[in-house]
Amino acid sequence: MPKTLPISKQLASVKVFGKASDLEMATATAALVFYNSAGPDGKLSKAAAKDLLLTQFQIFTRGQETKPKYKEIFADLEVEKENKMDLEDFMVLVISLTVMSDVIQDIRNTQTSK
């Protein structure tokens with residue numbers, strides 16, 4: 001699939017996603033974002049992963065720079081920048097940044113205000 005197609009069109013072209021749950025769509029979207037940035041080998045350099053997280057995950061990373069886990073994650077992405085990561089490694093980073101983000105409390109608050 002060409003990387004120039006919008007994610008929504010890429011998802012629409014996969015028949016099974018017509019009946020997908022919100023969680024399945026979110027996971028598929030994250031995978032497509034990864035693979036659209038990955039090389040032909042299906043992997044992403046640490047430098048590209050860092051750039052992707054800082055440009056496409058800003059709401060979750062903004063303001064987290066002083067947190068130890070944030071520093072640890074981004075310091076690791078600075079070491080051997082040409083080393084590559086697969087989808088599994090990238091998703092672990094995304095989940096780690098999500099869980100430690102202050103945005104999580106805002107998300108939780110939407111549930112408690114019902």
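The figures that follow rest on heavy atoms only: side chains count, while hydrogens, waters and symmetry mates do not.
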**Q** Check D76 with K46, please: is the shortest side-chain N to carboxylate O separation under 4.0 Å?
**A** yes
**Q** Return the minimal non-hydrogen interatomic distance between L5 and Q10, and the atom names on each side.
**A** O-NE2, 2.7 Å
**Q** Is it possible for you to say whether I104 and I59 belong to one hydrophobic cluster, with membership spreading through side-chain heavy-atom contacts below 4.5 Å?
**A** yes
**Q** Suppose we screen for side chain to side chain donor-acceptor pair (under 3.5 Å). Which residues come up paired with Q58, at least two apart in sequence or across chains?
**A** R62
**Q** Can you tell if the side chain of P6 reaches within under 4.5 Å of the side chain of K9, non-hydrogen atoms only?
**A** yes
**Q** Looking at F60, is its backbone amide N or carbonyl O close enough to the side chain of S101 to form a donor-acceptor pair, meaning the two atoms are under 3.5 Å apart?
**A** yes
**Q** Rounded at 0.5 Å granularity, tell me how far CG in L44 sits from CG in N36.
**A** 11.0 Å
**Q** Could you tell me whether the side chain of K67 and the main chain of M100 form a donor-acceptor pair under 3.5 Å?
**A** yes
**Q** With a cut-off of 6.0 Å (strictly less than), are more than 12 heavy atoms of other residues, nucleotides or ligands near CG of D41?
**A** yes
**Q** Nearest 0.5 angstrom please: R108 CZ to T110 OG1, how far?
**A** 10.0 Å
**Q** So how far is it from E82 CD to S45 OG, rounded to the nearest 0.5 Å?
**A** 8.5 Å
**Q** State the OG1-CE distance between T27 and M91, to the nearest 0.5 angstrom.
**A** 5.5 Å
**Q** Using the rule that Ile, Leu, Val, Met, Phe, Trp and Tyr join whenever any side-chain heavy atoms are under 4.5 Å apart, tell me whether L54 and L77 fall into a single cluster.
**A** yes
**Q** Is it the case that atom CD in E88 sees more than 12 heavy atoms from other parts of the structure closer than 6.0 Å?
**A** no
**Q** When you look at NZ of K43, are more than 12 heavy atoms from neighbouring residues, nucleotides or ligands closer to it than 6.0 Å?
**A** no
**Q** Sub-3.5 Å donor-acceptor pair from the side chain of N109 to the main-chain atoms of Q105, do we have one?
**A** yes
**Q** I'd like to check L53 versus F74 (side-chain heavy atoms, cut-off strictly below 4.5 Å). Are they in contact?
**A** yes
**Q** About how many Å separate CD1 of I7 and OG1 of T29, when rounded to the nearest 0.5 Å?
**A** 6.5 Å
**Q** side-chain contact (heavy atoms from CB on, under 4.5 Å) with S21: which residues, sequence neighbours excluded?
**A** L23, E24
**Q** Going by the side-chain contact (heavy atoms from CB on, under 4.5 Å) test, name the single residue among L52, L97, V33 that passes it with F57.
**A** L97
**Q** Establish whether V14 and L11 are linked, either directly or via other cluster members, by ILVMFWY side-chain heavy-atom contacts under 4.5 Å.
**A** yes
**Q** Side chains of S96 and K69, heavy atoms from C-beta outward: is any pair under 4.5 Å?
**A** yes
**Q** Can you list every ring pair (Phe, Tyr, Trp, His ring centres under 6.0 Å) pair that touches residues 80-109, not counting sequence neighbours?
**A** F34-F90
**Q** Does I95 belong to the same Ile/Leu/Val/Met/Phe/Trp/Tyr cluster as M85, with side-chain heavy atoms less than 4.5 Å apart forming each link?
**A** no
